[in-house]
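What follows is a single structure, written as structure tokens, with notes after it.
The structure displayed is predicted, hence computed values, not measured ones.
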Amino acid sequence: MTIFQAIILGILFCFCRMGILYTWPKNIVLFGALLIGIVLGDVPRAMIIGAAIQALYIAVIQPGGNIPTDEVLATFVAVPLALLSKMSPAVAVSLAVPVGLLGVLLDYIRRTINAVWVHMADSYAEKGNANGVMRAHLLYPPLSLIFIYIIPVSLAVYLGPHAVNTFMKAVPAWIMEGLKVTGSVLPALGFAITISVIGRKDLIPYFIFGFFFFQYASKINMIALALFGAFLAFLHITFTKNKTESAANAAQDAQMVANNKKLLSKKDLVKSWMLWLGTCELSNSYERLQSLSFAACLSPILKKLYKDSEQLSAALKRHLTFFNTEGIWGSIIPGVVISMEEEKAQGAEITDEMITGLKTGMMGPLAGIGDTVDWGTIRPIVVGLFLPLASAGSWLAGIGPFIICSTISTVISYYLWNFGYSFGKRSILQVLKNGKINQFITAAGVLGMFMMGVLSAQYVKLSLKPKIQVGKAVKPIQSYFDQLIPGLLPIAIVFLIYYLITKKKVKYTTILIGVLVCSLLGAAVKLF
């Protein structure tokens, strides 16, 4: 292999891993195998080897963005090495497994570094600099990928299996473990920020309830949990009706919305949609996951809606809080939010709390739908149909799933985005006409807090490794915590960070560095 071919493979891996569009079938090994075969001049054998590896990963999905293994890295290292060394497909599969696990480490590094760009975006948002937020999303994460993905993969395929094995052995186990701990704890910062943005201390019990409800009922799917959260919101509103605003004020708001003009063009909406669809995973970080992607795709919209720098700053900051959903089915959320921002910019009584509550309430259920339908059903079925062709060495097995899956995903995303925008405008008007605005805001807050609790129980993980002897039994300390209160350490971390943010005014960067250092030290002494 020439160095030029190795660099091309490194670049192609980066594109397939991240996607020029989110709809790129990132978990389709066959497409990567086709590209590798073209670069190395042996498409039939590349497809045969790819078919063997694809069979191993056909049912692998990435729920919540958490990757159990990196099948794309496994493909771009195992297939070219197998081609060049004439190894059998079965041996290539055995090579793919450890390489796929190495890809998880690279992803840990990428998401940890991306937190730097999120904080850079915070600084830009503080100044009302929408272009700066866009740069923090579109410029710096791709540049960092040169060092995280392109160079390591190019060297791996150029130098061969020996380089891969040497690198894996060179990484100290405690650093690997420390990065895992960091990735498991950092989401607590995002959740703590979201609680502070919602800003309703009286609703925090719903967060706590959602957290422990998930601890004891983790087998319930996200859609059912969202319905339960909506029921809690209904009960809360039913017993607090006296706190809602008068119908007269709401009617005035409704008239205001009805008189508002359309500020956004079709071109504005399409541009924002393309930004979301193309880059919703580009700046994904452990701290706030898709928050920077969400803020960046809305920044041209917000810049057009809010001419005042303070209003623009506030809008950018409220969309840099924790957010995570499945990019295709979750497209409805930014559509709804854009309609709300358009009305808010024209004076409608739509608060930050209302927008944040809707985002956090919707993201979990839609992520569950997207992961199940798109990644867990449509793609495996389509790929399965082309596996026999791949085993026969046909190039059609590489291009077929790519075209079919990309087309389906793009159509679904575009429809849901526009539906969310149209439905959002109608639903807001209806709420205002009925005099239910404060009820709606509070309900969104209840649902948002409950779902934040559920998601924090799912994402924030920390356990203690030391063991103690009680009688004749030697058990991990963590087992006693689990018997007492499951999830005690994770929720304690969330509220510790919440306290540091709201009471001590500690900067996000300081907390981020503190989490990283404590995680690495804890892993080094085998505390975590």
* Asked: Say you draw a straight line from CG of L275 to SG of C280; how long is it, rounded to the nearest 0.5 Å?
  -> 11.0 Å
* According to the interplanar angle, ranging from 0 to 90°, do the rings of W276 and F294 count as parallel (below 30°), tilted (30 to 60°) or perpendicular (above 60°)? -> perpendicular
* For Y124, is the NZ or CZ atom of R135 found under 6.0 angstrom from the centre of its six-membered ring and inside 45 degrees of the ring axis? -> yes
* To do: Measure the spacing between OG of S394 and CZ of F386 and express it to the nearest 0.5 Å.
  => 9.0 Å
* To do: Could you label the plane-to-plane angle of the W273 and Y414 rings as parallel, tilted or perpendicular, counting under 30° as parallel and over 60° as perpendicular?
  => perpendicular
* Asked: Checking side chain to side chain contact (heavy atoms under 4.5 Å, CB included) for the pair F15/V72: CA distance, chi angles, key distance, verdict?
  -> CA-CA 10 Å; F15 278 124; V72 184; over 6 Å; no
* Heavy-atom donor-acceptor pair, S422 side chain to F419 backbone, under 3.5 Å -> no
* To do: Considering only NZ, NE, NH1 and NH2 on the basic side and carboxylate oxygens on the acidic side, decide whether D268 and K271 come within less than 4.0 Å.
  => no
* Give the minimum heavy-atom separation between S272 and C297, together with the two atoms involved. => OG-O, 2.6 Å
* To do: Inspect the contact between R318 and E341 and indicate whether a charged nitrogen and a carboxylate oxygen are less than 4.0 angstrom apart.
  => yes
* Asked: Do the side-chain N and O atoms of N129 and K303 include a donor-acceptor pair separated by under 3.5 angstrom?
  -> no
* Asked: Between K317 and D352, is there a side-chain N and carboxylate O pair less than 4.0 Å apart?
  -> no
* **Q5 side chain to V39 backbone, donor-acceptor under 3.5 Å** => yes
